[in-house]
Amino acid sequence: MNKQVRLAARPDGLPKDTDWSFDASPVPEPGPGQVLVRISHVSLDPAMRAWMNEGATYIDDVKVGDVMRAGAVGRVVRSNAPDLAEGDAVRGVLGVQEYAVAGANELDRLDTTLAPIERYLGVLGWPGMTAYFGLLEIGKPNEGDSVVVSGAAGAVGSITGQIAKIKGCHVVGIAGGTEKCSYLVDELGFDGAIDYKTENIRNRLSELCPRGVDVFFDNVGGEILDAVLSRIAMKARVVISGAISQYNSARFRGPNNYMALLTQRARMEGFVVFDYARDYPHAAEQIVQWIAEGKIKAKEHVVKGIESFPSAFLRLFSGEKLGKLILEV
Ligand SMILES: NC(=O)c1ccc[n+]([C@@H]2O[C@H](COP(=O)([O-])OP(=O)(O)OC[C@H]3O[C@@H](n4cnc5c(N)ncnc54)[C@H](OP(=O)(O)O)[C@@H]3O)[C@@H](O)[C@H]2O)c1
């Protein structure tokens, strides 16, 4: 049987246990050109919260009753596709379940000699690609720039800051708690870290980035976005990667301080990582090399058991995890 997690109701605020249902259906058979994948790891991403709301965003919403959409990795256990064999490691949008059928054209084949399979959901998956393209294509950091990253100890933020260091920037991370802030400075080599739970972000930015912030890579939105906008440098680039502080709110809070963009002749721009899909292989190759050279460190926080999905998902919003959050099925 195939255990599955379905969206049972549209959440109001943080998802509750009753917003999910568990069910088991017979393991599906692959059709012509398709394979059956035994899923080993499911990616837990903040964007999944937005997909649970009614109405499309940059992608359709998940319908009530459907298997929850999620990126996942696993191994082919039956193949009717010429290009994929039993045992091949693959990645795709396979859902929160134990088995999935997919067309070979919907899957990426993974080289598990380069990295463990779950790493293809983190630094070599959407989060790594988001960091790479968001920073380099939208933030366009120059050597010597001051780069500030919010959500800095998370999957996207931790890689963004390390890429900015590789590019010769002065990097400051914003994260919740002393443990995460120490991790950024002591283990990942950030130049500074601000604990947004106990410190005044504006005052700390004046100390850590006295010439102002040239690039702000924002994963959080809300008050943190406002605080950093008040410290941007002339011609700054504010990269809108996400706004996790707002995902459970019925009303999104926009920036109050947007006139800083005018006074500082600055630019604020959002992006969706999927637009860079054609260039993922090149970026992944570069990141693999940086990992091998010891310039990038990646961490996965793995929670075990499909039954743990509802509580594991909430860790994205409570922050009770370090690095990329993954569910081991
Ligand atoms: N634009 C794109 O194409 C794209 C693609 C992928 C992801 N994203 C975005 O990137 C962001 C980070 O995603 P991720 O996968 O790397 O998640 P993550 O950072 O690994 O996990 C979320 C983190 O956000 C922080 N957080 C949660 N609620 C918060 C709040 N109210 N205020 C401040 N911090 C809060 C928590 O860290 P603390 O303990 O530090 O609070 C938590 O660990 C999200 O906004 C996501 O939507 C964008």
Leu124 side chain reached by Ile287 side chain, heavy atoms, under 4.5 Å: yes

More than 12 heavy atoms from other groups under 6.0 Å of CD on Glu293: yes

More than 12 heavy atoms of other groups within 6.0 Å of Lys235 NZ: no

Contact check, side chains of Val239 and Phe216, non-hydrogen atoms, under 4.5 Å: no

Any Phe313 side-chain heavy atom under 4.5 Å of Met48 side chain: yes

Distance-only donor-acceptor check, side chains Arg10 and Asn53, under 3.5 Å: no

Shared hydrophobic cluster, Val73 / Ile306 (ILVMFWY, side-chain heavy atoms < 4.5 Å): yes

Single-linkage hydrophobic cluster, 4.5 Å side-chain cutoff, Val93 and Val273 together: yes

cation_pi(Arg38, Tyr99) dist<6.0 Å, angle<=45: yes

Heavy-atom side-chain proximity of Ile296 to Ile159 below 4.5 angstrom: yes

Heavy-atom side-chain contact between Met52 and Pro15 under 4.5 Å: yes

Min side-chain heavy-atom separation Val228-Leu205 under 4.5 Å: yes

Parallel, tilted or perpendicular: rings of Trp20 and Phe309 (30°, 60°): perpendicular

Same apolar cluster (I L V M F W Y, side chains within < 4.5 Å links), Ile240/Ile201: yes

Glu179 atom CD, over 12 foreign heavy atoms within 6.0 Å: no

Positive for side chain to side chain contact (heavy atoms under 4.5 Å, CB included) with His41, one of Arg119, Glu300, Glu118: Glu118

Residue pairs passing the side chain to side chain donor-acceptor pair (under 3.5 Å) test where at least one lies in residues 201-221, sequence neighbours excluded: Ser150-Asp218, Glu199-Arg204, Arg202-Ser230, Arg204-Glu207, Ser206-Arg231, Asn219-Ser241

Exercise: do Glu328 and Ser40 side chains pair donor with acceptor under 3.5 Å: no

Side-chain donor-acceptor pairs under 3.5 Å in residues 185-194, sequence neighbours left out?
residue, atom, partner, partner atom, Å
Asp191, OD1, Lys165, NZ, 3.1
Asp191, OD2, Lys165, NZ, 2.9
Asp191, OD2, Val171, N, 2.7

Heavy-atom check, side chain of Val123 versus side chain of Lys324, under 4.5 Å: no

Nearest-0.5 Å distance that lies between atom CG in Asn80 and atom CG in Leu84: 11.0 Å

Same cluster (ILVMFWY, side-chain, under 4.5 Å), Ile117 and Val77: no

Test item: Asp226 and Arg253 side chains (from C-beta on) under 4.5 Å apart, heavy atoms: yes

CZ on Arg91 to CG on Asp108, rounded to 0.5 Å: 4.5 Å

